[in-house]
Every structure is written in structure tokens, then in C-alpha cells.
Amino acid sequence: EVASLAFLLKFAPAPGPARKSTRFGPRLAHYCEKMGYPFPTDPGTINSGKTGHSNPYYASMVDSFDWIVGQIIECLETTDDPRNPGHKLIDNTYIILDSDNGGWVGTPAEWITDNSPLRSGKMSCYEGGIRIPFLVRGPGVAAGSTCDTPINLVDLFPTFLAMAGIPADPQLDLDGCDILPLIRGEANRVLTPEGDERGPIFWFYPVESHMSSVILEDGWKLVRNDGVSLLGAHAGVSKNAGVELYRIAEDGGAGDMGEVTDVAATFPERRDALLAKLEAFLAESGATLPYRNLRGSSTTEAERQASPAVIGLGSEEDRVWVEMETAEDKAAIVEAFFLCTLNPRPFDSSGGHRQEWIRLPATIGEGGRIEASMPPGATHGAFCMRDANGFLVTSEPMPSVQEVDYAVVDSELVADGFAYRPGLFALIRLGEEAQAAAGEDAGEAKAALTDALEAARQAHVAEDTSGEAFCTAIGSLRVAIRQLEGVPQAAHPLLNRFPTDPLF
């Protein structure tokens, strides 16, 4: 059932009377009646103030998903297998139902589902967020059989290889393991390609909600909280940084599956051993952990004073830089990277809702100067840095998620952003390379590129050019380069980042 919402939210029509004309409409009417709601005449919340399994929209989606799966199975059961006369397709097919996360609990304004007795839900590293349904039907799978061995969805790829009869290839260096023996009831352990029993399983969720990392080993689960949750108590997420330890399985059976009792203080040796393994995994993986927040309630005044301030921004051609304080009483910058975007509102037909920011390397130089290169066609950028005390420092002030919803990615949030010129310069240089690479038979495409290059050069040197004029120059030149056939510059990945958007 949890898988149903994850699948159907992508395809279900918006709430409203139009649903009456589809299969979804009658099922929604059924569950509205069953739960005591009138059929909705306007989009919006229908179960305000209620918790648990009280959402008829969700119930209808689960119902519809079950019906869809039934149609697939019926087709497989009634269709002859052309490769195996006398048999149906179902005889040689594995059907796997799973979810990418636990059920979305919703918000106090609209409860979606209830994962009880598991704690929390989607966007959390507690069991309600990462324990999912996993149902398999296929050759060698005994009806009604179960397996309690923990697995991870990264196991699916090597398992599919095994189902297809393809030998394991150690050169692939896959994180997942073949779990076909578990599916067929031939084993109760997960083995690596080398034949060793798999060790702990890790989860890493560094962003937006339950910022945390998890290790699960032998029924013990350690949660390391790396930040304050946006979901808060509603999702059952701890608001405190620190380490939690739960014994979710014990002696081969269920333990504290609801993660009610934190036993980190009771079993310090187990806690410290698991934490050491988790931190080693994060270091080996190169995982980027959340930085400390200078505006956080736990930050001291001394730490705020020690964090270096920005004293200058600049650019030349496609190089951009930020200059930081370097006084003796200031913490040094120990890590830096550059974020930039290619598709602000003028290049995005969704009005900026699909705006993407790309992470690029930055160089920490002498005298507090950090530099980076703006890629071709990039429009805005910002440096993100970490000082020696672990605090995030940005090249210009950024609003917090308490001030601006975390889903907002609009480039207008940056006041400077090295806007337009460095990215346009890099694009002009790429266009000149494409022009030189194009043959004499390029004809009209080469002529169009020549015109676009001239317009872009004029825009680049103009003293007072609006964002609209810059975007026009970038867009026209980007299209002109892409239209040249047979030159490597036309295939530049950043020029083809959003091939289906007509504005890009």
C-alpha cells in the first residue's frame, strides 16, 4: 500500500469533480462514503483535523494501484509465451512491488497516511521512512513465504542480472548484492560477490527534512542527527542533534520496531562501535554533511565573531572570485565549492520551478581569495564555503528555509550572483571554437552562429544591459551552437542539459 502513493502521485489527476469521469472518480466516491465525507466539488483538503487512515484520496489511489497491478497480472496469466510454447508469460516473469520510501504522513493540515507502529514516514531515516513493502511473485517463489533478512533497493540491479542468467562482474563494483537466493527461499543471508556475508547497511539523508545518517547491523540501528528537522514533532523526528540507538530486532524476532526507546546511554560500547563504522563509511564515500549554521541557537557569540566575512566579489572573463577576511582572529576557510544555474525563469517553461543548480569545484588561494570558472551559458552563481569551525559561509547573504520555502530555487534570491557576464563570456568562447571547427559546407547554420556571436559580444561589453537582453543573447547563441552538425561543441553537455524545454 505504501508503494501505491509513491507511484500514483505522479500520474493521478488533480482533486475535483473531473475525477467522476474516470475509474478514480467512482472509487473516490466509494471511499468518501465509507469515511463519511461528501464527494468534493473543489480541489483541496478533505480530511482536515483528522489523523490516521482518514484520507479518501489516498485510499482511492491505493485501490486504483491494486487494480492496475491486477490488470498486469491477468495479462501475464492469459498471454502465451512466444519463446516457450504451452506456457504463459507469468511462468517466466518476476513481479516485484516495492516503494522508494515509507508512506508520506502528510502535514497537520492534511494527513495522508499512517505508518504505525513504525515511527515517522517519508523524508525520515526512522523505520516509517525507510522500511518499505517488498512483494515478489515469480519462478521459485513459494506462495505466502516471508524473509526477515534486511535488504536495500540497491540490491535490485545485481538481482536482475542473476534473474537474467548474467554472471556477476566484480569490475562493476556494485554496492548491492544478489538477493535471488533469499527470494527463492534458498538462503537467509545476503552474500557479496566474493561469497562473504554482507556487513551493515547504511542510509544517508543530508538535506531538507530529517538530516541524518543511519547504520543497521545485527538488529541494532544507530541514527546520527546532523541537523534540525523541518518536519518537527508531527513526523516523529527528533529536533535535537546527537546520536540515537534502537534495537529494532532481537534474537531473530522483532524488537523496538517503533523506535520508542533510545538505548544509546544504556549500551555505550555498542553505540560508539556503530558510530565509528558509520563515520568511516561517510568518510570513505565522500559524503557531504550539513554545515553548522551561524544563525543557529547553539552558536556562541565568539564563534560568530571568528567566522570570516566577505570583503569583495569580482570577475574577469569567465573567472569569478570572492575575497574573505584573513585576520589572525578569524577562522580559515577549509572547504569551498561553487554553485551555478543554467536555467532561471527565462530559460524554463515551468516558470523557474525546474531551476537546477550545479556544483563545481573552487580553488582556495592565498590571501583569502577563492576562485572558480563559470561554465558556458551559466547565468548566476554563488560560493559556498566552510570555515575551520564547521560553519557555512556564502559569498552573499542567503535566506534560510524559515524565511523562504526550501522548494524555492529562484536565482532572484541572490542579489549579485556574478550575473550573466562570466557565463556569457564562456559561451562566446565556446561559440568561437564551434565556428572554427565548422566546415565551409556548414552554410546557413554557420552564418546564424556568426550573427549570434556578434550579438552576444555586443551584449557582453554593453555598460547597461538588462537581464532580459543577456538572456536573449545567451539563448540565441546556445541554439546557434547546437544547430551546427558535426562539431564537438554542439554536443557540450551544458548546452544540452534541458533538451525538451523549448526555452532553453
Side-chain angles (χ1 to χ4, degrees), residues 204 206-208 211-213 224-230 239-243 275 279 282-283 285-341 357-375 378 380-404 406 408-409 411-419 421-423:
F204 173 55
V207 296
E208 67 188 349
M211 297 180 183
S212 56
S213 308
R224 191 184 82 169
N225 295 296
D226 295 311
V228 176
S229 166
L230 299 180
K239 284 194 172 186
N240 301 316
V243 171
L275 181 60
E279 291 179 340
L282 294 174
S285 303
T288 300
L289 300 174
Y291 297 167
R292 297 180 68 192
N293 184 359
L294 277 170
R295 291 185 281 178
S297 59
S298 63
T299 306
T300 67
E301 184 59 30
E303 288 174 324
R304 292 189 182 94
Q305 292 297 327
S307 189
V310 174
I311 59 176
L313 299 172
S315 67
E316 183 177 0
E317 296 184 342
D318 64 334
R319 295 294 291 175
V320 294
W321 63 80
V322 57
E323 294 176 343
M324 308 296 298
E325 289 182 313
T326 57
E328 290 185 2
D329 60 342
K330 296 296 181 180
I333 296 296
V334 297
E335 180 186 0
F337 60 90
F338 187 66
L339 291 177
C340 64
T341 184
W357 288 78
I358 302 171
R359 175 171 172 157
L360 298 173
T363 302
I364 302 176
E366 299 293 332
R369 179 155 160 158
I370 293 98
E371 295 190 4
S373 294
M374 189 79 88
H380 299 77
F383 286 92
C384 294
M385 298 158 283
R386 179 169 62 87
D387 71 17
N389 293 324
F391 288 100
L392 172 67
V393 183
T394 55
S395 55
E396 59 179 289
M398 299 288 177
S400 70
V401 292
Q402 284 77 27
E403 298 164 316
V404 178
Y406 74 88
V408 175
V409 292
S411 56
E412 295 176 5
L413 293 176
V414 293
D416 184 288
F418 309 99
R421 277 194 171 86

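Because the structure is predicted, anything quoted here is derived from the model rather than measured.
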I want to check something: taking the side chain as every heavy atom from C-beta on, are [X] and [Y] in contact at a cut-off of under 4.5 Å?
| X | Y | value |
| --- | --- | --- |
| Thr299 | Arg295 | no |
| Met374 | Arg421 | no |
| Pro206 | Asp226 | no |
| Arg224 | Leu282 | yes |

Pairwise distance [atom1]([X]) to [atom2]([Y]) - rounded to 0.5 angstrom:
| X | Y | atom1 | atom2 | answer |
| --- | --- | --- | --- | --- |
| Lys330 | Met324 | NZ | CE | 9.5 Å |
| Arg369 | Trp321 | CZ | CH2 | 4.5 Å |
| Ser411 | Leu339 | OG | CG | 13.0 Å |
| Asn389 | Arg304 | CG | CZ | 12.5 Å |
| Ile370 | Thr363 | CD1 | OG1 | 10.0 Å |

Quick one: closest heavy-atom pair of [X] and [Y], and the distance?
| X | Y | result |
| --- | --- | --- |
| Leu289 | Phe204 | CD2-CE1, 3.5 Å |
| Thr394 | Cys384 | CG2-SG, 4.3 Å |
| Met398 | Ala382 | CE-CB, 3.5 Å |
| Pro361 | Ala372 | O-CB, 3.8 Å |
| Gly367 | Thr326 | C-CG2, 3.8 Å |
| Gly417 | Glu396 | N-OE2, 2.8 Å |

Do any N or O atoms from the side chain of Glu325 and from the backbone of Ala309 form a donor-acceptor pair under 3.5 angstrom?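 Yes: the side chain of Glu325 pairs with the backbone of Ala309.
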Residue among Ile333, Leu392, Val334 satisfying side chain to side chain contact (heavy atoms under 4.5 Å, CB included) with Arg386: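 The passing option is Val334.
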Start with the C-alpha distance between Arg319 and Ser373, add both sets of side-chain angles, then the distance that settles side-chain hydrogen bond (donor to acceptor under 3.5 Å, both in side chains), and finish with yes or no. CA-CA 5 Å; Arg319 295 294 291 175; Ser373 294; 2.6 Å; yes
Is there any ring-ring contact (aromatic ring centres under 6.0 Å, His included) pair reaching into residues 380-401, and which pairs are they, with sequence neighbours excluded?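 Counting only pairs at least two positions apart or across chains, the ring-ring contact (aromatic ring centres under 6.0 Å, His included) contacts touching residues 380-401 are Phe338-Phe383, His380-Tyr420, Phe383-Phe418.
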By salt bridge (charged side-chain N to carboxylate O under 4.0 Å, His left out) - contacts of Arg359 (at least two apart):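 Checked Arg359 against salt bridge (charged side-chain N to carboxylate O under 4.0 Å, His left out); matches are Glu335.
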